[in-house]
Amino acid sequence: MPHRTQMQVIKRRLVGKEGTERIRELRAILGDLPGYRNGPYADIRKWVEAQLEQTRTRKRVVHRDSVSVRREGAAQVALVGAPNAGKSSLLQALSDIQIKTGDYAFTTTRPVPALTRIGGVLVQLVEIPGLLEGAAEGRGGARPLLGVLRNADVILFCHDPAVPVDDLRAVMHELEEAGIHRPATIVATKADELDGTGQLRAAFPDLDVIGVSVLDEASLELLRDAIWRLIGLVRVYLRDGGEPVALQPPVTVVDVANTIHHELATRCTGARVWGPSARFPGQRVGRSHSLGDGDTVEVLD
Ligand SMILES: Nc1nc2c(ncn2[C@@H]2O[C@H](COP(=O)(O)OP(=O)(O)OP(=O)(O)O)[C@@H](O)[C@H]2O)c(=O)[nH]1
Ligand SMILES: [Mg+2]
């Protein structure tokens, strides 16, 4: 095979391959090459070896930065705040799954995901370790955490009112520097010890503040409601049961039918509705009726 063609074949073998897969392919290519010390084949060998080195470096870099969290559920909520603010405790208290916090005690650079249900809809919570200081300038190895935050739909700023509000300001400042703006609420944690809502409202007049204690189930329920409002999706329950659907507003009867089956969306004539958007329980509405959060529908065809 002429060496030019050989080069094309090699490049084609590498298309779309990254990381371990690319390394494996490059090794195989090296094995296939004739072992001339000079001439075009020696040049090709040199090129492949350089590629191998580059790919290895790239793989290491990607690895170091990959603290990413696989998205699950209808939305992702990031819990940020200074160390000891009570983030892990909140995550535990809100999630269905028991997280072994001990497992993460010394891996503080890793975000911790947990799933919770809010009104039946799965929502992912992610604790961001309190290491954000200097993150925007890439200090403290916290830069990848900003990447995780960029993926989040909403942010809960967690703050222990027993410590100065400047700690929270510092965290907010990092997000500001990084250009990360998300719908957010401040959670004044450990409310059983100290009611910090007044102090925090005064310090951050633009944000909602909610006092929460992990010992007080009612406060956790209010927090769930607040999170759902921040997320801003519309939950619709189906009359015959099953998982509720969560959609970006505005949500019509057709949108809901579409989540069940495309055909149903085409042929549906309307729905019967119970809940916030219905004038009375079981109201008959048309295809383009705009549904509200918490509605229950029976799609008619
Ligand atoms: N009284 C009371 N203590 C709490 C509450 N929430 C958390 N704590 C305590 O606050 C301390 C810190 O809680 P964590 O949940 O570990 O805080 P964190 O923000 O995850 O801390 P780091 O992961 O170290 O950044 C622990 O000793 C908790 O028991 C609460 O609602 N009430
Ligand atoms: Mg923690």
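Given the structure is predicted, the values throughout are model-derived calculations rather than measurements. Numbering of ligands and ligand atoms starts at 1, following listing order. In what follows, residues are counted from 1 in the order of the sequence shown.
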Note to self: Checking one value in my table: which N/O/S atom of Glu127 lies closest to the Mg ion (ligand 2)?
What the structure shows: OE2

Check: Would you say the side-chain atoms of Asp153 pair up with the backbone N or O of Gln76, donor to acceptor, closer than 3.5 Å?
Finding: yes

Checklist line | Heavy-atom nearest neighbour of atom 21 (O) of ligand 1 within options Asn84, Leu90, Leu79, Val112 | finding: Asn84

Notebook entry, point to check: Do the side chain of Arg272 and the main chain of Val285 share a donor and acceptor less than 3.5 angstrom apart?
Noted result: no

Next item on the list: Flag yes if more than 12 heavy atoms outside His262 fall under 6.0 Å of its NE2 atom; otherwise flag no.
Entry: no

Note to self: Check this for me - ligand 1, Gly86, N or O atoms closer than 3.5 angstrom, yes or no?
What the structure shows: yes

Margin query: Taking N, O or S atoms only and a limit of 2.8 Å, check whether Ser89 reaches the Mg ion (ligand 2).
Written below: no

Note to self: Looking at Arg235, is its backbone amide N or carbonyl O close enough to the side chain of Asp293 to form a donor-acceptor pair, meaning the two atoms are under 3.5 Å apart?
What the structure shows: yes

Margin query: Whether Glu243 and Arg117 form a salt bridge (side-chain N of Lys/Arg under 4.0 Å from carboxylate O of Asp/Glu) is what I want to check.
Written below: yes

Margin query: For Gly81, is there any backbone N or O sitting under 3.5 Å from a side-chain donor or acceptor partner on Lys87?
Written below: yes

Note to self: Show the atoms of ligand 1 that are less than 4.0 angstrom away from any heavy atom in Glu127.
What the structure shows: 20 (O), 23 (O)

Next item on the list: With heavy atoms of Glu193 as the reference, note each atom of ligand 1 found under 4.0 Å away.
Entry: 1 (N)

Margin query: Within the 4.0 Å heavy-atom shell around Ser88, which atoms of ligand 1 are there?
Written below: 15 (O), 18 (P), 20 (O), 23 (O)

Item checked: Side chain Thr189, main chain Ala85, donor-acceptor under 3.5 Å -> yes

Notebook entry, point to check: In Å, rounded to the nearest 0.5 Å, how long is the span from CD1 of Ile155 to CD1 of Ile180?
Noted result: 6.5 Å

Check: Looking only at N/O atoms, are Val212 and ligand 1 under 3.5 Å apart anywhere?
Finding: no

Check: Under 4.0 angstrom from ligand 1, any heavy atom of Gln92?
Finding: no

Notebook entry, point to check: With a cut-off of 4.0 Å, which atoms of ligand 1 are near a heavy atom of Ser89?
Noted result: 6 (N), 7 (C), 13 (O), 14 (P), 15 (O), 28 (C)

Notebook entry, point to check: What do we get for Lys190 next to ligand 1 when only non-hydrogen atoms under 4.0 Å count, side chain, backbone, both or neither?
Noted result: both

Next item on the list: Compute the shortest N/O to N/O distance between Leu215 and ligand 1 and return yes if it is under 3.5 Å, no if not.
Entry: no

Check: ligand 1 versus Asp192, non-hydrogen atoms closer than 4.0 Å: side chain, backbone, both, neither?
Finding: side chain

Checklist line | Check against side-chain contact (heavy atoms from CB on, under 4.5 Å), Thr252 and Asp255 | finding: CA-CA 5 Å; Thr252 66; Asp255 294 331; 3.3 Å; yes

Check: Are any of the heavy atoms in Ala85 under 4.0 Å away from ligand 1?
Finding: yes

